[in-house]
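The structure appears right after this line, and notes come after that.
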Amino acid sequence: MTDDADEEAETDGGQHVQAYTVRLELVDEPGELLNALQPISEHGANLLSIFHERGNVTPRGHIPVEVDIECPPDRFENIVQALRDAGINVIQAGAERYSEELTVILVGHLIDTDLSDSLTQFQTTSRAEVVDVSLSAPEGTEGVSSARLRLATEADRAEEVLETVRDIAEEKDIHVIEPQLAGGSA
Amino acid sequence: MKLAVLGAGAVGRSVAELAGQYGHEVVAIADSSSGVVDSSGIDVDAVLNRKEREGTVGDGSPDDVLVADYDVLVEATPTTLGDAQPGFGHVETALSRDRHAVLANKGPVAERYGELMALAEDSAGDVLFEAAVGGAIPILSTIDDFGAGQITAARGVLNGTANFILSRMAADGLDYEHVLAEAQDLGVAEADPSFDVDGTDAALKFVILSNVLSQGEREYTLDDATVEGIQNVPGNALDLAAEDNRTVRLIGEATPDGVHVAPKLVPQNGVLAVTGTRNIVQFETENAGELNISGRGAGGPETATAVLADVGRLPPL
């Protein structure tokens, strides 16, 4: 995937560009593909190819799209972030697939402490995608409730993601039941 | 071997009852307020009947037992934190008299490991404490066989009470308070279950494992452990976990990073998700992957088997 270094391809940043593959899942609505491509061009990346798997729908009813782009490495993070900010589901970015999933359970006054804000903070601070949320609030909005979160992240970043979740939860006095990462998987 | 048994709770009583089966003789027994010594061997049934009827094991004092003519002192008094007394003092007396000491009491091994090892070094007697970690499960003897240097980490479930509560809550959708009351009725939880449910008991065992695994390079006490209990795990958290084929267990870890105990999410059918009062320890080994040992981690006869296995390992004095 890397450009041949001999080619000395330069952009206005004066840096080597690199090719990246970004896998997205788009909602099946008109204009979604254009929405997804805009942040890429706005952040100065070259669009190399688009593989739009129309008709091939994910279990969640989304359409997988594979986009090959070219940009200096330091811009790539910004592009992925811009895609996320635009509400686009980034499944894989660069060579690294979001291959690791971890599940945590939050316990506390989740609704009073603005659960959706907590989730946004997890995503923006920890470079993890909240894939799935399941909430149980038997005592209504004011009582202690529990939520199960499935987070997708890059390989070997689980511990880092957990640390961020722990910190954000602590500020809101939310208790985190973490997954046992080492061992016990068999 | 001639045994002096200190402590007449579930473990001490079972040691006295089963010693004969293992070819040993009980020459002294003490509880917290009384003692009995008979160098020709104690009538264990009579002493335990008396304990049941009158609340004392004999007319003598516990100190008589400490200075009796025994080969092995069995320390089975309740675990205490901090200075770990009076258990530590009992073991100190035995070692200073060049006798062996076998502990079921976690306090001295978790809180004053270095001092204890130094005392053993200066004594003709040895110190063994298999019964202090995981009841009947041969955990420390496995480490000994395998070589502490070959084991990089230990993790698992080492508190049967907490595990019983979590597995009951998960199986029947009941709340913590309800299951705790039931566990107390069944005798699985003590009247004061705080050490079990707040994680202290599990932490002490993982502290002991860390002390053994670090081979004197670093000494651990309870203060070095991060400990979180199960009191704040609501029933609906277990329901949510179950929907995802997971469950919650009070997992302890002894790794080079330290000692940690906390409720953790584990796969419902994974090895660490033992049910009821069962315990499990998983060793991470240098050359042989994961090694799991599981069994009954508490109870009088169960823990007594670990004490008596230790007695069998001791060399004649």
Side-chain angles (χ1 to χ4, degrees), chain A residues 59-60 100-113 115 118-119 128 130-153 158-163 165-167 169-170 172-186, chain B residues 151-157 166 169-170 173 175-176 226 228-257 260-274 280-285 289-292 294:
Chain A
R60 276 171 291 167
E100 203 149 321
E101 279 205 343
L102 51 147
T103 302
V104 299
I105 289 182
L106 308 179
V107 179
H109 293 276
L110 302 179
I111 299 164
D112 281 356
T113 57
L115 182 60
S118 306
L119 300 184
V130 177
V131 182
D132 184 51
V133 182
S134 188
L135 179 71
S136 168
E139 294 164 43
T141 56
E142 277 157 38
V144 169
S145 47
S146 301
R148 185 188 67 235
L149 262 55
R150 211 143 52 83
L151 300 159
T153 185
E159 192 55 56
E160 238 174 290
V161 171
L162 279 180
E163 243 166 71
V165 169
R166 212 178 290 149
D167 290 348
E170 198 180 338
K172 296 189 172 194
D173 210 17
I174 291 170
H175 180 74
V176 184
I177 303 177
E178 297 177 17
Q180 175 62 33
L181 293 180
S185 48
Chain B
I151 294 173
T152 49
R155 67 181 74 89
V157 174
L166 288 174
M169 284 171 73
D175 244 314
Y176 172 77
T226 62
E228 203 184 292
I230 61 164
Q231 309 96 311
N232 298 322
V233 179
N236 62 0
L238 285 154
D239 295 342
L240 285 172
E243 283 170 23
D244 200 29
N245 295 319
R246 281 159 220 266
T247 190
V248 179
R249 288 291 180 265
L250 185 64
I251 304 283
E253 286 184 289
T255 72
D257 295 335
H260 306 285
V261 173
K264 293 279 189 72
L265 282 167
V266 295
Q268 218 163 25
N269 300 314
V271 281
L272 295 179
V274 287
I280 182 162
V281 164
Q282 179 172 76
F283 292 122
E284 195 85 57
T285 70
E290 284 170 3
L291 182 68
N292 301 296
S294 174

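Reminder, nothing fancy here: chain letters follow the sequence lines and each chain counts from 1. Note that the coordinates shown come from a computational prediction; the quantities given were computed from them, not determined experimentally.
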Inset, instruction - Let me know if Arg249(B) has heavy atoms under 4.5 Å from chain A in its side chain, its backbone, both or neither. - result: neither

Legend entry - Pick from Ser145(A), Ser134(A), Ala137(A) with the largest number of heavy-atom pairs that fall under 4.5 Å of chain B: Ser134(A)

Legend entry - Smallest separation among heavy atoms of Pro263(B) and Leu250(B), with atom names: N-CD1, 3.8 Å

Legend entry - Ala241(B) versus chain A, the contacting section by heavy-atom distance below 4.5 Å: both

Inset, instruction - Go through the structure and list residues passing side chain to side chain donor-acceptor pair (under 3.5 Å) with Glu243(B), not counting sequence neighbours. - result: Arg148(A)

Inset, instruction - Assess whether atom CD of Glu170(A) is packed by more than 12 heavy atoms of other residues, nucleotides or ligands within 6.0 Å. - result: no

Inset, instruction - Name the region of Ala237(B), side chain, backbone, both or neither, that has any atom closer than 4.5 Å to a heavy atom of chain A. - result: both

Inset, instruction - Determine the minimum heavy-atom distance between Ala182(A) and Glu253(B), stating which atoms define it. - result: CB-OE2, 4.5 Å

